[in-house]
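See below for the structure under consideration.
In what follows, chains carry the letters A, B, and so on, assigned in the order in which the sequence lines appear, proteins first and then strands, with residues in each chain numbered from 1.
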Amino acid sequence: MKKVSIVLLTIIAVITHWRWFFNFEILTYGDWGFYYNETQRELFSLPNIWTSNGIGSVALTAISMWPINLLWGLFAKFTNYAISERILYLFPSIFFPLICCYLLIKKILKSNTAAIVGAIIFAFNTYMLVGRTAHLTLMVAFGICPLVIRFFIETLENGTTKSAVKTGLAFFLVGVFEFRVLYICIWVCVLYFTYCHILQKNWRWKFFFKNISLIVLEIFIITILNLYWLLSFIEIFRESNIELFNRSLFGNAYMSIAKSISLFHPFWSGGAMTPFEVQPIPYYFFLIPIFAFTGMYFNRKNAYIVFFGIISMIGILLSKQVAPPFTEMYPWLYVNFPGFSLFREASKFYFLIALGYSILIASLVNWVLTSKIYHRVFKYFLVFFVVWIFIVNTKPLFTGEIGTLFVPKQIPSDYIIIKNFILRQPEFFRTLWLPTDSRWSINTISHPKVSGINDLFKFYDPINAPQVDKLLSLVNGKYSDNLIDLHSVKYIALPMNDVANQDDLFKIYGIRRINYLNSLNDSPYLNKIVSGTKELVIYENKNFRPHIYLTDSIETYKKQLKYFPVNHTYRSTSEYKLTLFKVSKPFFINFSEAYNEGWKLRIGSFSWLNTLLDHDYSIGDEFKLKNDAGLNSFKINPEYLCNIYQCKAHSDGSYDIYLTLYFKPQGFVYLGLFITLIVLVVFIVLVFYIKKKHLNV
Amino acid sequence: MLNMKRNHINDLFAFATLLVGGVVLGLYTSLRQDNSFSSFFVKNKISTSRESRVNNIQKYSAEFISSDNYLGIIYIDFRNNPLVEGEVTFKIKESDSKSWIFSGIFNSAQFYSLPNYPFGFPIQTNSKNKKYTFEITKTRGKDSLILSSLSNVVTSHQYPSSILKSDLRMLVSVIEKKIIFHLGDFRFYLILMYFQIPLIIYQLTKFKTLHIFGIKLKKISKMEILITIYLLLDVFIVSKYLGKLEPLFIILLIVDDWIKNRKGSLFYLYAFALFLNIPILYFLNCIDPAIKISIYTFYLFCLAGISELIQITKLCIKNKSNMNMPI
């Protein structure tokens, strides 16, 4: 029966999401981007805490997804983006919620029909559907959560190490897709643990400590498996502020208590996707909480049901964000509660409502089906009606009217031409896209794409350009030429008005394309390139700086300085080898990545292990500077430094210096990865040993 | 016999009090929806209307005679579900004139969240008895707009307060028009109906037990009538969320539940009864009362949850929990 139910759920998933299953074209929309094969291949590498995307940044969210990114990279060797995205994200985002929720409810209610109904509610509520239009990492992680909760419940019931290991691994899987979901999921389990121990029949310390030991084992597994990014994360957190934790609250106006109670996503229109346009709640949505809390009432003696009732209330309380009641609660938690600052908008807590309601409504269905009061026709009608309320939500997905990831996208040929044109050039440079990059813009480690709005606009604030012209001042401002040079921008590109792919960037940022075109044509430092494109235009900036170069004085965007390229080799986004021949006078090494305290310079031989052990491994921080363009500069006095560090001295008083430019937290990544792999190997050997011993007995 | 008569008189008195109270409060609540004291709504009959489609451009035009001066807003009732994306041009002019008084471009997606859409334009001082033509043209977007069958159009007239201060007769006339409009509005009747709920509950107190959706309730007490009146006054009269009046409601309900030993069933009943009103209030565009009821409902569901937690803990103490913990 269990197999039949899973097959039935699979059929429902395939029918409702047939647009994903019966075509193999590229699907991309909103935050769900696109990789060319060249970019996808680069993901097959060791984890890196520094990303060269844009003008460089700490890759905190990307590094925790390293195992999945590794698969992205691996898949690039065999197949294309469209297949990879389906296998890694699209299919799991629909199958996991259905099947994992089914397994959880089946465990709690022991009813197939109720479990199927609950799974449908969980997978087809408006929050999960909206999530499936762009936020697939979240949706896959949320999809696995019910299974984690089931494993956790089983761990407390069985008290076996095997269950604890299983739970730990499932937790890890959630974290691989989204560590914010892992955070929510851990809190659900902590609450369940507390709840269980409050309600334990015959309280005994012995069992409490046994359960605690199992929890410790789970925490150990989660920590060890995430160590490859956790250590570096702690190091960065200790050293500097992490932007991810310092964002201001967002989307206060979208949330309301009525929307949360009725499990209605504010942007759900029932037709085309309308991001950031708050929609009224269709009236039938108000039946959802009625069903849910009726389920709680009729199953009030079932401790599991009461627990998930409480979970949904917590979800309602959090997901309404600053809407009344308790308007100050969310901002307070955001500032004071550890880890809460990861949730700058509260929609992720809809998961708790969806999980709670799916179990409560399933319990109502179960109660009605097993009740002798009601006629059979009424029972079937209720089941059908509940399922219909949620299945009807999938109509825009089925018809494709929702657009987004349910309508295939075609790469405009202009972008392919530009991609080939850029990748033909081996040296490092960036391409600036105005007003921002398109999803089709090529982005590789040696040719990052830069968004005018997201990456460079912040540097233009001090220039005091009139507000209305600020976007255009990116190209025609007083210091635009120098700023663009300093950021190693070789090309400035103007994306297409790509209405067909729902990618009309000019409409979003409010300035017409022709205005940019005029500004670019009028810029004396830019040359228009004839690349064979129809609409997309690209301009060359001749004087762009190399990735790493020398100047005699501190680099500034306020005047043109003479610069000298440096002979350097790329090892990873966190490590560069530099060789300087016959230098004698003081100079500056400039590195055109966003300034970060973690960038260090070592003179002489280099080992990542020593970066962790030796505090004075790099040249002192007093030699490190942030230039006015927000990039890294190092002041080098060969005579002084070569007295301390290993250099090759020449008879004329000059030196050959071998340097390593490295991002220090990366050392913790390698250390964490090493520990993770060692523990994994020990763990696998132990499992085989125990199994073999068990078989021999 | 005498007792029965007294009971009937009591019932009649309660009904009359609640009816009169309901009318006054209903009218007060309905009038509060007006934009300002000096503005009022008027329903105008549409004389001619025409819908055309040339080269896939949808155009709707209609004429009406303004029944009062100071015409400033015209409300058009759209029926667009699901949302229709695109742009709409709204134009209005005096029917005899060639030039338009106002012409503006609007995003048609707005009509989904605000179906009774107010198109504002410069106030027409001498609009009384003048014929106006308005035009709505869908200029962008592939889907058609759906307008409700327009036989009437609601307009808003904004008299300058200086005129109302100096002319008492005019002031009385404006108040009269305001009241007449709201008495004809079905929102008023709905609010009036809400204020009869305590009476219904009062009638229910006469039953010893009550079954609602299979839930067996003990006799409804007079305390619950008072709680309901308190709730209605807070929702419709106070209306805005203050965060101060709800705790008293909660305390009263907890005390009542505890005294009657209802084990939380009252919380469910109140929560369900209240919750069903939210869509009605949203439909009527009574946003503040709808939010307030949502908040009350949330509190009630929380109370129900806490009550269940207490009951479950009691069951556990008696070794009757179904939680399968390793013992």
Item to complete: Could you look at B:Glu308 and say if it's the side chain, the backbone, both or neither that has a heavy atom under 4.5 Å from chain A?
Response: both
Fill in: ring pair (Phe, Tyr, Trp, His ring centres under 6.0 Å) against A:Tyr330, all qualifying residues, sequence neighbours excluded
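With neighbours one apart ignored, the set is A:Phe340.
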Item to complete: Tell me, please, which residues at least two apart from A:Ala292 pass side chain to side chain contact (heavy atoms under 4.5 Å, CB included).
Response: A:Tyr357, A:Leu360, A:Ile361
Discussion item. Run A:Tyr195 and B:Ile312 through side chain to side chain contact (heavy atoms under 4.5 Å, CB included) and show every step you take.
Written reply: CA-CA 11 Å; A:Tyr195 181 77; B:Ile312 283 276; 4.2 Å; yes
Worksheet item: Would you say A:Ile316 and B:Phe301 make side-chain contact, with heavy atoms under 4.5 Å?
Response: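 No, their side chains stay 4.5 Å or more apart.
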Worksheet item: Does any non-hydrogen side-chain atom of B:Tyr282 lie less than 4.5 Å from one of A:Pro280?
Response: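 They are not in contact (no side-chain heavy atoms under 4.5 Å apart), so the answer is no.
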Discussion item. Quick check on the interface: out of A:Pro324, A:Gly309, A:Pro396, who has the most heavy-atom pairs with chain B under 4.5 Å?
Written reply: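 When all of A:Pro324, A:Gly309, A:Pro396 are compared, A:Pro324 has the most.
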Item to complete: Would you mind telling me which of A:Lys320, A:Met313, A:Arg300 has the largest number of heavy-atom pairs within less than 4.5 Å of chain B?
Response: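 It is A:Arg300.
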Worksheet item: Does the gap between the ring centers of B:Tyr268 and A:Phe293 come in under 6.0 Å?
Response: no
Worksheet entry | B:Ile105, CD1 atom: more than 12 neighbouring heavy atoms under 6.0 Å |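 No, CD1 of B:Ile105 has 12 or fewer neighbouring heavy atoms, counting only those of other groups under 6.0 Å.
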Worksheet entry | Residue B:Lys244 excluded, over 12 heavy atoms near NZ under 6.0 Å |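 No - once you tally the heavy atoms of other residues, nucleotides and ligands closer than 6.0 Å, there are 12 at most.
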Residue part contacting chain B, namely of [X], when any heavy atom lies under 4.5 Å:
X: A:Ile310; answer: side chain
X: A:Phe285; answer: neither
X: A:Leu317; answer: both

Worksheet item: What are the two closest heavy atoms between B:Ile295 and A:Ile257, and how far apart are they?
Response: CG1-CG2, 4.0 Å
Worksheet entry | Heavy-atom closest pair, residues A:Ile261 and B:Ser294 |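 Nearest heavy atoms, A:Ile261 then B:Ser294: CD1-O, 3.5 Å.
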Item to complete: Taking heavy atoms only and a threshold strictly under 4.5 Å, list by residue number the residues of residues 249-256 of chain B that touch chain A; give 'none' if the list is empty.
Response: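 Within residues 249-256 of chain B, no residue comes under 4.5 Å of chain A, counting heavy atoms only.
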Discussion item. Test of understanding: with side-chain hydrogen bond (donor to acceptor under 3.5 Å, both in side chains), list the residues that count as partners of A:Ser312, not counting sequence neighbours.
Written reply: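 If we apply the side-chain hydrogen bond (donor to acceptor under 3.5 Å, both in side chains) test to A:Ser312, skipping adjacent residues, there are no hits.
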